[in-house]
Amino acid sequence: MVNSLTIVILAAGKGSRMKSPKAKVLHEICGREMLYYSIKAARAMSDDVIVVVAHQKDSVISAMERYFTGLTFVTQDTDNFPGTGGAMMDVQPKYQNVLVLNGDMPLITPKSIEQFLHSDADIVMSVITLDNPSGYGRVVIEKGHVERIVEERDADNREKTIQTVNAGVYAFKHNVLKTYLPLLRNTNAQAEYYLTDVIALARRDGLVIAPLYVEEVEFKGVNSKYDLAQSEMIMMDRLRRTWMDAGVIMQLPETIYLEEGVIFEGECIIENGVRLCGESLISNSHIKAHSVIEDSSVKNSDVGPLAHLRPLSVLEDTHVGNFVEVKKSTLTGVKAGHLSYLGDATIGEGSNIGAGTITCNYDGVKKYQTLIGKNVFVGSDTQLVAPLEIADNVMIAAGTTVTAGKYESGILILSRTPIRKVEGFFSKFFGKGK
Ligand code: UD1
Ligand code: MG
């Protein structure tokens, strides 16, 4: 945390290049909206974080309020003052030092923000040198001085070849913004008020503008769905690395999809192709190849290969094998080895769920619960019609349809049509030749 720093995050734009009905900053990276990450980095550095909103502002504000409290939201007047300069016009920073970040830079870190705070210049601006500068504002530097920034759409052919680009992070003194924001004009290709024009105005008055060369990877702007995918890969690699450093074993880590809200405890083994989403907790467990886990908790258990834990599943000391789907169910000390659907169920210690067991939890209108006690042996190919309550120490014979109701401890439940044997049927049907 740095004293006396205001951080402003620009998040009011539509993001037309995303070609999406959704505001750009709400597009997700590793399961959270990209704006979440810039705010997270900003919050680590300052208590005064201002987010400028406009396009889909209610959704943007409510999405961010799920993660953070105490943010200041400022609404940009995009009708009269569109553009990144317009975005700054109603901002009232608490402090003299103001750092401005674009909200489409999810890869920024507190460490990279910190570099801007070591200079006495009136403006410190981030620059990157790129082989392919397209999409970015070009920085015109003459005799070592930053003269101005030219947006791609306003650049002439010569300016377009400049490979030094504006990365979109700036440290301003508040009085610099106060002086120059009112002087911005929208006489450019997009008819917008560009924050980047403050640079040329300040330079004209002889202010000191320090370029800060930064790492492309942390300052990558997300403008298209391709950029979104690229940034997600980088973010996911960071997440995997963090968890491996914390003791998680990952096989072929680049094939593992992992979201920001997932937490590991103890020693976990995650095999290739696993997808771990939402607010999941994996504790001392082994998740085998190609399993999917969403918003679930798995403790001292093994899951998969090819298992699917849907939201609100809780597994403890449990084995869930291949082609088992679990939804909103609690399994404690259970074995469900193969091919089952367990939804809206609670299953107790020592119970065994045979292959092909299905909880029939839905009648087309409502969902119902299945409660199974301890040491219940559910034979293969059983249908459990909910609402259902089965006490401890019960055996269910293979192929049984257990109809809704309550079943007491110690019994065998069996529903089978008696076998019929029809003598000579085969040759009658297929003829003697078979
Ligand atoms: C901007 C810079 C460009 C730089 C690039 C770096 C300007 C004029 N250009 O261009 O020099 O190379 O970032 O990534 O600043 N926003 C608002 N209100 C608006 C418009 C945008 O808050 O009216 C927000 C957007 O939500 C976004 C950020 O500002 O988070 C940047 O906007 P974007 O349209 O992506 O600007 P670029 O064209 O990338
Ligand atoms: Mg951008």
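Sequence positions, counted from 1, serve as the residue numbers for this chain.
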[X], [atom1] atom: more than 12 neighbouring heavy atoms under 6.0 Å:
| X | atom1 | value |
| --- | --- | --- |
| K335 | NZ | no |
| K220 | NZ | yes |
| Q163 | CD | yes |
| K22 | NZ | yes |
| K111 | NZ | no |
| D120 | CG | no |
| H55 | NE2 | yes |

Under 3.5 Å, is there a donor on one side chain and an acceptor on the other for [X] and [Y]?
| X | Y | answer |
| --- | --- | --- |
| E294 | H308 | yes |
| Y362 | D344 | no |
| N361 | T359 | no |
| Y170 | N166 | yes |
| S313 | K327 | no |

State the [atom1]-[atom2] distance between [X] and [Y], to the nearest 0.5 angstrom.
| X | Y | atom1 | atom2 | result |
| --- | --- | --- | --- | --- |
| N97 | I7 | CG | CD1 | 11.0 Å |
| E316 | S297 | CD | OG | 7.5 Å |
| Q56 | S62 | CD | OG | 10.5 Å |
| D48 | L5 | CG | CG | 8.5 Å |
| L331 | L309 | CG | CG | 9.0 Å |

Residues 63-74 side chain polar contacts: donor-acceptor under 3.5 Å, at least two apart:
residue, atom, partner, partner atom, Å
R66, NH2, E33, OE2, 3.0
Y67, OH, E33, OE1, 2.8

Name every donor-acceptor pair, under 3.5 Å, that has one atom in a side chain of residues 249-266 and the other anywhere in the protein, sequence neighbours excluded.
residue, atom, partner, partner atom, Å
T255, OG1, L252, O, 2.8
T255, OG1, G273, N, 3.0
Y257, OH, E259, OE2, 2.6
E259, OE1, G278, N, 2.8
E260, OE2, Y36, OH, 2.8
E260, OE2, K40, NZ, 3.0
E265, OE1, S283, OG, 3.1

Return the minimal non-hydrogen interatomic distance between Y407 and I413, and the atom names on each side. CD2-CD1, 3.5 Å
Answer yes or no: is there a side-chain heavy-atom contact under 4.5 Å between [X] and [Y]?
| X | Y | result |
| --- | --- | --- |
| Y37 | L107 | no |
| V298 | L281 | no |
| E325 | L342 | no |
| T332 | I347 | no |
| V422 | R420 | yes |
| L184 | V198 | yes |
| K57 | T75 | yes |

Let's go through V60 and V25 carefully: what are the C-alpha distance in whole Å and the side-chain angles of both, what is the deciding distance for side-chain contact (heavy atoms from CB on, under 4.5 Å) to 0.1 Å, and is it a yes or a no? CA-CA 8 Å; V60 174; V25 294; 4.2 Å; yes
side-chain contact (heavy atoms from CB on, under 4.5 Å), that's the test. Do L212 and V214 meet it? Break it down for me. CA-CA 6 Å; L212 180 70; V214 295; 4.1 Å; yes
Please determine whether side chain to side chain donor-acceptor pair (under 3.5 Å) holds for the pair D154 and Y194, giving the CA-CA distance in whole Å, both sets of side-chain angles, and the decisive distance to 0.1 Å. CA-CA 11 Å; D154 302 296; Y194 293 161; 2.9 Å; yes
What side-chain donor-acceptor pairs closer than 3.5 Å can you find for residues 386-397, not counting sequence neighbours?
residue, atom, partner, partner atom, Å
D392, OD1, K374, N, 2.7
N393, OD1, N375, ND2, 3.3

Show the numbers, then the answer: is there a side-chain contact (heavy atoms from CB on, under 4.5 Å) between M125 and I209? CA-CA 7 Å; M125 61 160 294; I209 301 160; 4.3 Å; yes
